[in-house]
Amino acid sequence: MQWTEKYSKRMERVTPSAIMEILKVVTQSQFINFASGLPDAELFPLEELQKLCDEVFQEEGKIALQYSAAEGYPALRSFIADRLTRQGEKTSADNVLITHGSQQGLDLAARILLDPGDKIIIENPSYLAGLQIFDSYQAEYLPVSMDGEGMIVDQVEELLKTQAPKLIYTLPNFQNPTGITLSLNRREKLVALAEHYNVPILEDNAYGDLRYGGDSLPSLRAFKGGHVVISTGTFSKTIAPGIRVGWIAAEKELMDRIAQVKQITDLHTNTFWQRVVYRYCINGRLEPQIQRLCKAYKKKRDILLQCLERYLPREVSWTYPEGGMFLLLTLPDSMHAEDLLKVAMEEKKVAFVPGRTFFPRGDGHNTLRLNFVSPKPEEIEEGVQRLAEIIRSS
Ligand SMILES: Cc1ncc(COP(=O)(O)O)c(C=O)c1O
């Protein structure tokens, strides 16, 4: 059978990601890997999780291995709701549904809201796997430029006035791939505009807990008009991504719809791991774990920033992340990050992701994303030295 002829139209724009190709190669040998999207596995709380898994098996094994509600484990939903409320987002358990990672939350929201051809306002660049979701729903993009304060909200206003978008997708905290944070004023204005034009915002807050510099800023749901915001969050970056536990939070009316769609997608999130995560959270482990991560990630970010300053030519610039896992480097306009990557991988055994992948219209040819939390501190310095050599000789 010619399977490609059988695929639905929705699959037309679903193509293999360039990142997967890079990662296939770099995990094979002694690479310095700035390319991955992975958190630092050395910081996973292995022993605690193992102990809690044993406890769940022993104390509630039959329930933990049983089918459960599409909305998720009520106690975990309440924990998340209370935590969001303490952070300024008034939330009850009814506003929270547990997902298999926040990726699923993004997919559920897109599936409910988007028809083929619908226009979405996105940051330029944006999160690749988010764009891939929207591709699979055949959405059209309205990219908005970013500066040091995040997406330029004046451009959003223009698009809202003229383009009738269906959705605004934004990563306000330590954006992937730039590491940039949306400023307080722009947050307020963005939510007010979305409310005024009656356009939902999908707020992808995968990195919000990982702030290690600057002042904490409220989530978009916390602002006046925040009822138009659907937020996604995750334990992937704070506990571990393999457990696949995240959440989606929104108005109750929408949550009922999300629960129906969640049910037809996969019935419910893994019952066992929801219970393990809950025990981890209520035993006061989450906040110390976040502090531990922030301390380690800040150290690595600072090493990277110092090395970039020390080794790279002056024509290269980069973003300054106040948290999260990534920063974006901009090379002189005449350079192409994809050409650089070839040399980097073949001759210098160092990998990064060319930024073009994250720009839906294919701009950003001279940008590249660096993950600074996955490599070891000593690898960061060596990796930047190698990068500098390649940049200088191209
Ligand atoms: C911006 C962003 N959103 C969502 C996700 C999905 O994460 P998860 O499904 O593990 O919660 C990621 C993962 O890298 C991400 O970078």
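One-based numbering, in listed order, for ligands and for the atoms of each.
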Participant: Examine ligand 1 and decide if any of its atoms is less than 4.0 Å from a heavy atom belonging to Gln104.
Facilitator: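 For ligand 1, residue contact (heavy atoms, under 4.0 Å) with Gln104 is absent.
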Participant: Nearest to atom 2 (C) of ligand 1 by heavy atom, Asn176, Thr234, Asp204: which?
Facilitator: Asp204
Participant: Hey, does Arg244 sit under 4.0 Å from ligand 1 if you only count heavy atoms?
Facilitator: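 Under 4.0 Å: yes for Arg244.
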Participant: Of Glu389, Glu381, Arg386, Arg392, which is the lone residue that meets side-chain hydrogen bond (donor to acceptor under 3.5 Å, both in side chains) with Tyr311?
Facilitator: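 Single pass found, and it is Glu381.
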Participant: So which bit of Pro241 gets within less than 4.0 Å of ligand 1, heavy atoms only: side chain, backbone, both or neither?
Facilitator: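 Neither; nothing of Pro241 gets under 4.0 Å from ligand 1.
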Participant: Which heavy atom of the protein is the closest neighbour of atom 7 (O) of ligand 1, given with residue, atom name and distance?
Facilitator: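 The answer is Ser102 OG, 3.5 Å.
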Participant: Under 6.0 Å from the ring centre and within 45 degrees of the ring axis: does the NZ or CZ of Arg187 meet both conditions for the six-membered ring of Phe223?
Facilitator: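 That pair does not qualify as a cation-pi contact.
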Participant: Show which atoms of ligand 1 fall inside a sub-4.0 Å distance from at least one heavy-atom site of Leu171.
Facilitator: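 Answer, ordered by atom number: 1 (C).
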Participant: Are more than 12 heavy atoms, taken from residues, nucleotides or ligands other than Lys299, located less than 6.0 Å from that residue's NZ atom?
Facilitator: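 Incorrect, the count does not exceed 12.
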Participant: Could you tell me which non-hydrogen atom of Thr271 sits nearest to which non-hydrogen atom of Ala64, and how far apart they are?
Facilitator: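 What the structure gives for the nearest pair is CB-O, 3.4 Å.
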Participant: Tell me the nearest of Tyr127, Trp247, Phe235 to atom 5 (C) of ligand 1, using heavy-atom distances.
Facilitator: Tyr127
Participant: For ligand 1, which atoms sit closer than 4.0 Å to a heavy atom of Ser236?
Facilitator: 8 (P), 10 (O), 11 (O)
Participant: Would one find more than 12 heavy atoms of other residues, nucleotides or ligands at under 6.0 Å from atom CZ of Arg257?
Facilitator: no
Participant: State the CD1-CE distance between Ile180 and Met146, to the nearest 0.5 angstrom.
Facilitator: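 Ile180 CD1 to Met146 CE: 4.5 Å, rounded to 0.5 Å.
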Participant: How far is atom 13 (C) of ligand 1 from its nearest protein heavy atom, and which residue and atom name does that atom have?
Facilitator: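 The answer is Lys237 NZ, 2.9 Å.
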Participant: In the protein, which heavy atom is nearest to atom 16 (O) of ligand 1, and how far is it?
Facilitator: Tyr207 OH, 2.6 Å
Participant: Would you kindly say whether Gln132 and Ser17 are connected by a side-chain donor-acceptor distance under 3.5 Å?
Facilitator: no
